[in-house]
Structures are given as C-alpha cells and as structure tokens.
There are 2 protein chains.
Amino acid sequence: MTSTGRPPLRRERIMESAVALADRAGLEAVSMRAVAAELGVVPMALYKHVADKDDLVGGMIDTVVAAYPTPNPSGPWAARVRAAVLGARAAMLRHPWMRPAIESRHAPTPIVLGHMEAIGAAMRDGGLSTDLVHHAMHAMGSRIWGISPESFAGAGAAAPDEATAAAVASRFPTVAAIAAETAATGGECAAEAEFAFVLDLLLDAIERLHATGWRSGRGAATAR
Amino acid sequence: MTSTGRPPLRRERIMESAVALADRAGLEAVSMRAVAAELGVVPMALYKHVADKDDLVGGMIDTVVAAYPTPNPSGPWAARVRAAVLGARAAMLRHPWMRPAIESRHAPTPIVLGHMEAIGAAMRDGGLSTDLVHHAMHAMGSRIWGISPESFAGAGAAAPDEATAAAVASRFPTVAAIAAETAATGGECAAEAEFAFVLDLLLDAIERLHATGWRSGRGAATAR
DNA sequence: ACCTGAACACCGTTCAAGT
DNA sequence: ACCTGAACACCGTTCAAGT
C-alpha cells in the first residue's frame, strides 16, 4: 500500500513548502533534506520535480515574483516604475530570505525576466532610449526587486556596551553620527522611508537626464 | 620532531592562503578543510587563529580592504569619494569573490568600518549634513566597496541559440534590446563604463541636493 | 603551546532497487 | 511511474589526546 492519502508530489507543492520553511526558519534552513522532511518524503523524491538545489531556490524566487502586483499601465513612466518597485518591496517584506536568495543567483528565469521587462517597458513607453533604460536599470540595481543592496545593514551593531560605543564613535565619528541619528528617528520605519527616498532620488536623476535630452557616448553622467 | 621547517601558523598566513585560493578557485572552494590542506595542516589547526568560518571570510575581506589605496584628502568631496570608490573597484577586479563574500555578511569589521568612515568623512568635509551623508551612503549601496549590486549580471545568458534568442526577444523586447546593444558595444569594458556612469549619476544627484540646500523631513527627494 | 585523530551531525547527489 | 535505501564525497565543528 502506498503511503496513506498523501497528495502526489508536485513542483508547486514543493515550492510552497520551501517558501513556507524559508519564511519560518530562514534560507539556510532550506536544504533538500529539510524540504523533503517537511513533505513527509525521502530527499531523493524531490529530484523528479527539481533538477538540483539551484533549481529549487530559483523556483522559490519565481513563486514570490509571480505574485508581485502588476501596476496600472498608465500615467507617467516614473510613477509606473515607482509603483512596480514598491509593490515588489511590499511582497519582499514578507519574505526576508529573498535578498540573499536573489543575490546568490546569477541567471534569471523567464518569470524574473518578466518583471525586469515590465519595468524596462514602462521606461521605454515614457520615451527613454534603450541606452538610458539600460543605465537606469543599473542605477536601480537590486532595488528593482524590492530589496535594498545595503551591505552590512547593522553597521552600528558592532557596539554592544557604552564604553565600546564611545570607542567606535571616536574612531568612526561619521558612521557613529549616522547610527545615532537613525536610532533617534526610530529604526524600523526609517528603513522604509530610506528605501523610498533613494528610489525617488534615482528616478529623479534619471528623469532629469531624460528631460535634458541626454545621449550616451559622453562617457559619464556629468563632466568631473 | 615537529613537521620539518614549516613556518608557524599565523592568522595573516591563513588569510593570504585563503585569498589566493579564492582568487584561483572561487569563494565556494574556500572551506576550512581546503585552506588547511593548502597550508599542509589538519583542519583543526586553523581554529587556534580563526573563530569559525565566518571569521575566516571576514578576515579575507579585511585583507583586501586594508590594501585599498587611500586617496589624497584634498579637493572637492565628490572627487574624493569618486577616487576612493574607483580605487576600491580596481582592487576588487582582482578578487571577484569579494562581491558574494561582502553580500553574505551582515556585520562590518573595524577595517571595513574604516573604509565607510573615510567616504562618509569626505562628504562631511564637503559640508553635507549627517542626514544627507546617510542617504548618500544608502544610494551608493555596495558600490562603496567597488562592487556593483547587479542581480542577474548575465541577463541575456538565458538565450543559447538563435531560435530561443528570438523567442526571448519577442517576450522581453526591452531586455533583449539592452542585451543586443551591450553586446554590440563590447561587453567587457562596457561594465567598467557602466560602473563609472552610475557612480557619477549618484554623486551628481547628491551634489544637486546638497547645492539646493536640501533638508530631511520632506519625506522624499522629490514630490511625486 | 601547538598541533592531531577520531568522531558527530550535517550537506547535495548517484545509482540500483523496490512497489 | 513514482518513490526508496544505501552509499559517496563532501561540509563545519567538538573533544580528548598526543608531542
């Protein structure tokens, strides 16, 4: 007799399980063995539906990206891009493992290309040249995915007690001043404001280039 | 008799070995066991000089960052920041594993804080407020380290033959146009130009905010 | 003091076998 | 067709032992 009443293993079910596990226990808890255990199945069973672990993580990203809201394709291009990115970010906050997952991968799946295409197309619709769209995508970087590309998020976290905090402050006064200011303004929602601020800064810089009839080949955004 | 003529194990020697191994075989080849073998030593011997693998990777990053050139502390702030970042980037190109290494870490070491401080201090010297310096650091993101925060670097790499390339082009025309344009302009050095372009775009946007007497609290860089 | 051997609790993945 | 068991070649890390 086959194992009682267990629904057949399908790729979709594997991905849902893996995403739920990552939400609960982090990306490093997602192993072939752990996902299999989650599904009441032996590790090898997964390999009928998933090529290898890379494919598993790619599928997890696809699952989340496929659920991004698709914003209204009207209005100015910058507003459309802003809505798409903030929509992605809202989804991302529920899946913190997406940042390391995306950053560890090097090839985009078709679903992931679809999200890039939607943002690029909004810019082209706004009249931006392919060239400028290209540069704009680079400027956005991983922010396109609703994730911040900030290395060492908790820069102030290196100072546990007051004595060493003072030592850090004297050696790294600028870094310490930034950390103190952030702590005073209330860290949690400050991160959201920061994300939106930088997004707008970039959209604004790009819009300005476009408005002033920027063309590639001058080598840089500005003579320096 | 102790093992013939082998110099005593020191942290510095371990880091040099690990960096050389990563340069040669990539970050994923750097295991405690592989580094130990490189040094002709049993894995456990490393633990006298290194707390754990995280400490090993942190030490590798420190080794490279400590060798960043320190640019002349004169001239306008944007030029100083530009020189520091491009100096970091030059070092980075010799150590491609630095991107995944930095992105996988969450706490900065003092040496790494020192590099952030140098860039932040250059901005403060230029008269930027702590607040604006903070936002500027976020805008730069990991570019501060001389690495580009580009997810899925080879976006066009998903199309091996011409038939599927055409399929990709029809589904993702904007992405395909960008890929085609990049290929035409010669990919390798284009990446360098791209890095400098975006860096200048960001420095320019920040300089503009500073020049127009920007103050925090308006919520965003621009009304939208 | 400095290094080692053996062991523990994990990985991803293969292959041939079960039902 | 779909799942399993046993095994292979790895990990990081611990602990008690050697010299």
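Proteins come first, then strands; the chains are lettered A, B, ... in the order of their sequence lines, and each starts at number 1. Just so we're clear, the structure is a prediction, and the values are computed from it rather than from any experiment.
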B:Y68 vs B:H115 aromatic rings, parallel, tilted or perpendicular, using cut-offs 30° and 60°?
perpendicular
Between atom [atom1] in [X] and atom [atom2] in [N], what is the gap in whole Å?
| X | N | atom1 | atom2 | result |
| --- | --- | --- | --- | --- |
| A:M44 | D:dA1 | CE | C1' | 17 Å |
| A:M32 | C:dC10 | CE | P | 18 Å |
| A:R10 | D:dC3 | CZ | P | 10 Å |
| A:D54 | C:dC11 | CG | C1' | 15 Å |
| B:L39 | C:dC2 | CG | P | 16 Å |
| B:K48 | D:dG12 | NZ | P | 19 Å |
| A:R33 | D:dC10 | CZ | P | 15 Å |

Which base sits across from C:dA1 as a Watson-Crick or G-U pair, both distances under 3.5 Å?
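Check on C:dA1: paired to D:dT19, both distances under 3.5 Å.
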Under 3.5 Å for both donor-acceptor distances, Watson-Crick or wobble: does C:dG12 have a partner, and if so which one?
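Paired with C:dG12, as far as the under-3.5 Å criterion goes, is D:dC8.
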Whether [Y] and [X] form a salt bridge (side-chain N of Lys/Arg under 4.0 Å from carboxylate O of Asp/Glu) is what I want to check.
| X | Y | result |
| --- | --- | --- |
| B:R99 | A:E103 | no |
| A:R94 | A:D23 | no |
| B:D55 | B:R11 | yes |

With side chain to side chain contact (heavy atoms under 4.5 Å, CB included) as the test, pick out the partner of B:M116 among A:V175, A:I178, A:T174.
A:V175
Rounded distance [0.5 Å steps], CZ in A:R13 versus CD in A:E38
11.0 Å
Does A:Y47 place a side-chain N or O at less than 4.0 Å from the phosphate oxygens OP1/OP2 of C:dT13?
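Affirmative; the distance criterion is met.
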Enumerate the residues from residues 22-30 of chain B whose closest heavy atom to DNA chain D is under 4.0 Å, giving them by residue number; use none for an empty result.
none
